[in-house]
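Here's the structure we're looking at; comments come further down.
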Amino acid sequence: MKTPIGLQKKIGMSLALLFLTCNFLLLCWYLFVVYKTGFHSDSAAKVLLAREIVETGQYFPRDWNFVNGDLFVLFGHTFIIPLLAFMPAGYLAHAISGLISAVLILSGIWFLTGLTGIGIWRQIFIVAIMASGISGFMAENLYGQVSYGVFVYFSCYILFLSYRFFHANQTHRIYYGLALFCVLCLAAWSNPARSIVSFVMPIIAAIAWHMPGLTDTDGSGHKKIGWQLIAIVLAGFVVGAALHFVTAAGVNNVFGAGRPRWLSYELMVRNAVHTPESFLALFGGLPVPDGDVMSKMGIYEAARLMAGLALLWLIPYAIHTSLRQKGSGIAFLASFALTALVGVFFIQITTTVPSMNDPTVASRYLVPSLVLSFILVLSQKPDWSGAPIVSLTIAAVAICFVTSAYPALVKPGNYSNDDRSLTTGNQNALDGIKNFLLDSGLHYGYATFWNSGVLSVLSDEKLLVRQIMLDHGLPKPNRWLGSNRWYRPDAWQGETFLLLTNPEEKLVDWDLMERYHCKPVRQLSYEGFKVFVFPHNPAKYLSGWDNTNKVYNEQAVK
């Protein structure tokens, strides 16, 4: 006959596996079906970069324009490259890449929670919670675009490898150290400045906090091992940073948020005031304004708001409690999470990196450190006799989020005033114009950023739409996350279109366009779009498009 404790563990394991299975299946549905309705040009960039790599044979294409000092070293495009041997650079390739990234994130969380000594069924339960997506905006950044999911799995593996290095035997320590060196090298190669804040400072802080907590019973030489570990961290960073600067010298890079500026005191205060809004947005704790409180949705939103507010208190509590357990895996995680959180909050409040015109969008910078902090909260050991309120609150928060997969992954809805999801009903809002262009026999053209790359990927490359901006009455290349090759006359021969929204059309000086021999031969309309069709590629005549043919372009207008 099973003991009550054994029966509890069996029930806990069964529920954890059930939630993990359901949430992972919903996550797959999100990646392959739901996210397609919210797919946008930022997400499309990695698919287009993979195609550029295949066509040029260069992993860092010389004509590609990277942004903000970032190099895509190990990113979602890496998993797309081999897929292009037997499928187009379309949404399916993006979804498969997203699934691989999701497995890396969830496996990293599994290994990380194994350091905390919480037991297998609670490990599975935490992975199930993270597989739920947490909220629509969190799911977008972790699994959809995967922009900050990369930081999460890098953090998890850096923590896991570092901790195992401390406590492994001599032979295994070599393997853990080599693996850690490679991971940190890849992180710094991508962006040294980001890696200092996100990985290097946090892991050194974790090592420094961990060493004094080790006793003689843990074995001899732990402090020496700690210094060896710090040396590996610094070596990985230095080599990665050197590779970054060597690689960056051979590619193009456009800077925006990558060159932060200090804010005035008044703007720092504004950012500090809006930061809790960013926090609640990430955890789905912001009710829809003017929503009916006394309804099923209103009650659910109240529960999410309470869970978000509870986390505002639980995260500092968990960090404080965990740091007191020196020498433990949970203290190792807490010191890393705290350092990362402080670093990103400092940047969030004092610099121009986030645009607080929309605190929800700005909250994406907080994703990695808050995910680690959330995992720390969920890893707390229940103390029903000493701290029943804390234990009950953590349990309630865990139940709230483990059951959030349907609203986060199936019905994510709009999450921002600057909504880039483009969702209309059950399809992407650009599906209509995509089909209209193809039905009109058009295959190559130009549009502003948010209406360009997304069409290329959604159409499985049957349409190739390159991004432009409108400047002084003329379309000009927008090279942000794009290739210079797209704007050369030989990129396309024959009919070419310019896709504009109705407000964008008014920004074009058509008389000036005609002077550049760019007069449309026909004009089409579809809902809020205008399509101007030219008999040739305007890149042949418009000034500044093809830098290799600058003299011809300057003379074309004369």
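Atoms considered below: every heavy atom in the structure, side chains included; atoms not considered: hydrogens, waters and symmetry mates.
- Interatomic distance, CG of L142 versus CG of L27, reported as 9.5 Å (0.5 Å rounding).
- The distance from the OG atom of S198 to the CD1 atom of I347 is 7.5 Å, given to the nearest 0.5 Å.
- Counted by atom type alone, S43 and Y35 present one or more donor-acceptor pairs between their side chains at under 3.5 Å.
- The side chain to side chain donor-acceptor pair (under 3.5 Å) with N537 is formed by just one residue from the set W492, Y444, Y446, W545; it is Y446.
- When all heavy atoms of I80 and A50 are compared, the closest pair comes out as CG2-CB, 3.6 Å.
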Verdict with supporting geometry, N252 and D63, side chain to side chain donor-acceptor pair (under 3.5 Å):
CA-CA 7 Å; N252 306 300; D63 281 314; 5.2 Å; no

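- Between the CG atom of L84 and the CD1 atom of I53 there is a distance of 9.5 Å, given to the nearest 0.5 Å.
- W486 contributes no side-chain N or O that, together with a main-chain N or O of L464, makes up a donor-acceptor pair within less than 3.5 Å.
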Between L311 and F283, does a side chain to side chain contact (heavy atoms under 4.5 Å, CB included) hold up when you go through it step by step?
CA-CA 9 Å; L311 281 175; F283 288 100; 3.6 Å; yes

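- A pairwise comparison of heavy atoms in H244 and G69 identifies CE1-O, 2.9 Å as the closest pair.
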For salt bridge (charged side-chain N to carboxylate O under 4.0 Å, His left out), just list the numbers for R194 and D70, CA-CA rounded to whole Å, side-chain angles, deciding distance to a tenth of an Å, and then say yes or no.
CA-CA 9 Å; R194 290 181 193 265; D70 289 321; 2.9 Å; yes

Show, in sequence, the C-alpha distance, side-chain angles and deciding distance for Q467 and T448, and conclude whether the side chain to side chain donor-acceptor pair (under 3.5 Å) test is met.
CA-CA 5 Å; Q467 63 229 33; T448 51; over 6 Å; no

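- Each side-chain hydrogen bond (donor to acceptor under 3.5 Å, both in side chains) pair with one or both residues in residues 521-532, not counting sequence neighbours, appears once here: E495-R522, E505-K530.
- When ring centroids are compared, H536 and Y541 come within the 6.0 Å threshold.
- Between the side chains of N65 and N253, no donor-acceptor pair is found at a separation under 3.5 Å.
- Distance check: F72 CZ to F66 CZ gives 7.0 Å after rounding to the nearest 0.5 Å.
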Listing, residues 429-437 side-chain donor-acceptor contacts under 3.5 Å, not counting sequence neighbours, or none:
unit_1, atom_1, unit_2, atom_2, d
D431, OD2, N428, N, 3.4
N435, ND2, D431, O, 3.2

Decide yes or no on side chain to side chain contact (heavy atoms under 4.5 Å, CB included) for F336 and S155, but give the supporting numbers first.
CA-CA 9 Å; F336 185 101; S155 297; 4.0 Å; yes

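- Atom CE in M138 sits 12.0 Å away from atom CG in L409 (nearest 0.5 Å).
- Ring geometry for H40 versus W450: interplanar angle over 60°, hence perpendicular rather than tilted (30 to 60°).
- From L280, atom CG reaches atom OG1 of T360 across 9.5 Å, with rounding to the nearest 0.5 Å.
- With salt bridges taken as basic N to acidic carboxylate O contacts below 4.0 Å, one links R485 and E52.
- Judged purely by distance below 3.5 Å, without hydrogens or angles, the side chains of N23 and Y406 never pair a donor atom with an acceptor atom.
- Taking the six-membered ring for Trp and thresholds of 30 and 60 degrees, Y365 and Y148 have ring planes more than 60 degrees apart, a perpendicular arrangement.
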For the pair E461 and R51, evaluate salt bridge (charged side-chain N to carboxylate O under 4.0 Å, His left out) and give the outcome as yes or no after the intermediate values.
CA-CA 10 Å; E461 299 184 284; R51 170 55 71 198; 2.9 Å; yes

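- Under 3.5 Å, the side chains of Y153 and S107 contain no donor-acceptor pair of N or O atoms.
- Residue pairs meeting the side-chain hydrogen bond (donor to acceptor under 3.5 Å, both in side chains) criterion with at least one partner in residues 86-100, sequence neighbours excluded, are K46-H94.
- Applying the 6.0 Å contact sphere to CE of M306 captures no more than 12 heavy atoms from other residues, nucleotides or ligands.
- Closest heavy-atom contact between V508 and M513: CG1-CG, 3.8 Å.
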